[in-house]
Structure formats: structure tokens, C-alpha cells
Amino acid sequence: SSGINAEYGSSGINAEYGSELFEHMHQNGDYSHFYFSYRWFLLDFKRELEYEDVFRVWEGIWAAYQTTSDHFTHFIALALVEHYRDIILDNNMDFTDIIKFFNEMAERHDGKKILSSARQLVFRLQTLIDS
């Protein structure tokens with residue numbers, strides 16, 4: 001197994017997003033492995049965000065590497081999926097739909113919101129670990 005699933009385990013995704021999205025991912029071609037996000041990691045989110053937001057996200061990744069997590073890129077990917085959670089579920093998207101959707105959304109994401117959500121995800125995970 002690879003991707004985010006290998007890093008945090010499918011149970012982590014299930015706990016974080018609730019069973020509805022996790023089950024949807026499994027029932028529609030099992031894309032809980034997040035292979036659709038490969039480009040995000042390969043290109044360091046350069047294609048996903050506007051020019052100014054790319055630098056903001058990179059700065060967040062570099063800072064997180066030194067302070068909270070050397071896997072902050074995974075939290076950004078999770079934040080992107082969480083941001084569009086309702087669209088994914090409402091449109092019953094399968095793996096191919098997800099790839100197409102995120103390709104069409106390139107450079108149209110709100111980088112500040114995604115970065116803020118990723119930070120909140122780190123905080124929520126740290127809270128779960130500490131309790």
C-alpha cells in the first residue's frame with residue numbers, strides 16, 4: 001500500500017472524515033489510497049494553486065517540517081479533499097470523476113483556506129494523539 005493510506009492507515013481517514021466519505025471512496029473504485037493526488041505531491045501543489053498561494057503553501061510545508069510534521073503535504077491533500085467533501089458525495093464521484101474534477105479545478109482553489117484547513121487537521125490529529 002502507498003500514499004496517504006500507508007502513512008496514516010485507512011482507519012485514520014475513516015476517523016477523520018467519518019464513515020460516509022470513507023465508505024464512498026471504497027465503494028466507488030477504492031480510491032482511499034489517494035492515487036489521484038500523485039500530481040499534487042510530484043509538483044508540490046504548483047498546478048493546483050495560483051502563483052502567490054504556491055509560495056504560501058511551500059512556506060507552510062517548510063515551517064511544518066521544522067515544527068510539527070514532515071508530512072504536512074499529506075495534510076494539505078486531505079484538506080483539499082475535505083474542502084470538496086460535499087461535492088464528492090453529492091455527485092457520487094468515482095476515481096475517474098475525482099481526477100477529472102481536480103484537473104478542472106487546477107489554480108482555482110483557495111490556497112489560504114486549504115492551508116488553514118491543513119493546519120487544523122494537524123491540530124486535530126495532535127489532539128487525538130494527546131488524548
Side-chain angles (χ1 to χ4, degrees):
S1 187
S2 63
I4 291 176
N5 206 19
E7 191 68 39
Y8 300 104
S10 59
S11 60
I13 293 172
N14 190 14
E16 187 60 44
Y17 292 107
S19 61
E20 185 179 11
L21 183 59
F22 183 75
E23 288 301 319
H24 176 82
M25 289 176 144
H26 274 290
Q27 292 172 358
N28 289 287
D30 190 8
Y31 54 91
S32 63
H33 45 63
F34 276 62
Y35 289 150
F36 59 86
S37 66
Y38 177 74
R39 178 186 77 204
W40 303 349
F41 301 120
L42 182 67
L43 300 176
D44 293 323
F45 301 97
K46 285 185 281 195
R47 183 139 187 267
E48 306 317 308
L49 304 167
E50 291 183 351
Y51 188 74
E52 288 181 24
D53 287 336
V54 169
F55 291 109
R56 185 176 290 116
V57 166
W58 286 356
E59 192 172 277
I61 292 167
W62 296 327
Y65 184 77
Q66 298 297 319
T67 58
T68 57
S69 173
D70 55 347
H71 299 290
F72 191 61
T73 54
H74 294 150
F75 291 97
I76 295 170
L78 290 170
L80 276 165
V81 173
E82 183 178 75
H83 187 75
Y84 298 105
R85 179 185 190 279
D86 292 338
I87 293 171
I88 293 167
L89 292 173
D90 291 347
N91 291 289
N92 197 29
M93 291 184 179
D94 62 14
F95 182 74
T96 304
D97 296 330
I98 291 286
I99 291 174
K100 183 179 177 194
F101 173 75
F102 280 108
N103 279 339
E104 291 171 356
M105 289 297 295
E107 295 186 5
R108 294 172 56 195
H109 306 289
D110 185 333
K112 288 180 184 177
K113 282 186 181 179
I114 299 303
L115 190 55
S116 176
S117 294
R119 289 178 182 139
Q120 290 172 4
L121 288 167
V122 170
F123 177 73
R124 284 167 36 193
L125 180 61
Q126 287 173 332
T127 303
L128 284 171
I129 291 170
D130 291 344
S131 56

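Everything numeric here is computed off the predicted structure, so don't read it as measured data.
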Query raised in the report: Quick one: does Ile88's side chain get under 4.5 Å of Ile98's, heavy atoms only?
Result: yes
Requested in this report: Tell me, with the steps shown, if Ile114 and Ile76 meet side chain to side chain contact (heavy atoms under 4.5 Å, CB included).
Outcome: CA-CA 7 Å; Ile114 299 303; Ile76 295 170; 4.0 Å; yes
**Report entry** Phe102-Trp40 aromatic ring centre distance below 6.0 Å
**Finding:** yes
Query raised in the report: Does a salt bridge link Arg124 with Glu82, judged by any charged N lying under 4.0 Å from a carboxylate O?
Result: yes
Query raised in the report: What are the two closest non-hydrogen atoms of Val54 and Leu49, and how far apart are they?
Result: CG2-O, 3.7 Å
Query raised in the report: In Å, rounded to the nearest 0.5 Å, how long is the span from CZ of Phe36 to CG of Asn103?
Result: 11.5 Å
Report task. Could you walk me through whether Phe45 and His109 pass ring-ring contact (aromatic ring centres under 6.0 Å, His included), step by step? Result -> CA-CA 11 Å; Phe45 301 97; His109 306 289; 9.4 Å; no
Report summary line: In short, Ala118 meets Ala79 closest at the heavy-atom pair N-CB, 3.6 Å
Requested in this report: Quick one: list whatever passes side chain to side chain contact (heavy atoms under 4.5 Å, CB included) with Lys113, sequence neighbours left out.
Outcome: His83, Asp110
**Report entry** Partner set under side chain to side chain contact (heavy atoms under 4.5 Å, CB included) for Arg56, not counting sequence neighbours
**Finding:** Asp53, Lys112, Leu115
Query raised in the report: More than 12 non-hydrogen atoms from neighbouring residues, nucleotides or ligands closer than 6.0 Å to CD on Glu107, yes or no?
Result: yes
Query raised in the report: In terms of hydrophobic clusters joined by side-chain contacts under 4.5 Å, are Ile87 and Ile99 together?
Result: yes
Query - Hydrophobic cluster identity match, Leu42 and Trp62, side-chain contacts under 4.5 Å - result: no
Query raised in the report: Do NZ/NE/NH1/NH2 and the carboxylate oxygens of Glu48 and Arg39 come within less than 4.0 Å?
Result: yes
Query raised in the report: For Val81, does its backbone N or O pair with a side-chain atom of Arg85 as donor and acceptor, under 3.5 Å?
Result: no
Query raised in the report: How far does OG of Ser69 sit from NE2 of His74, to the nearest 0.5 angstrom?
Result: 8.5 Å
Report task. Please report the shortest heavy-atom distance between Ser131 and Leu128, naming the atom on each side. Result -> OG-O, 3.2 Å
Report summary line: Taken in chain and number order and not counting sequence neighbours, the residues that satisfy side chain to side chain contact (heavy atoms under 4.5 Å, CB included) with Tyr65 are Asp70
Report task. Say whether, by atom type as modelled, one donor and one acceptor occur between the side chain of Asp44 and the main chain of Lys46 under 3.5 angstrom. Result -> no
Query raised in the report: Quick one: does Phe75's side chain get under 4.5 Å of Gln120's, heavy atoms only?
Result: no
Report task. Quick one: closest heavy-atom pair of Thr73 and Phe41, and the distance? Result -> O-CE2, 3.5 Å
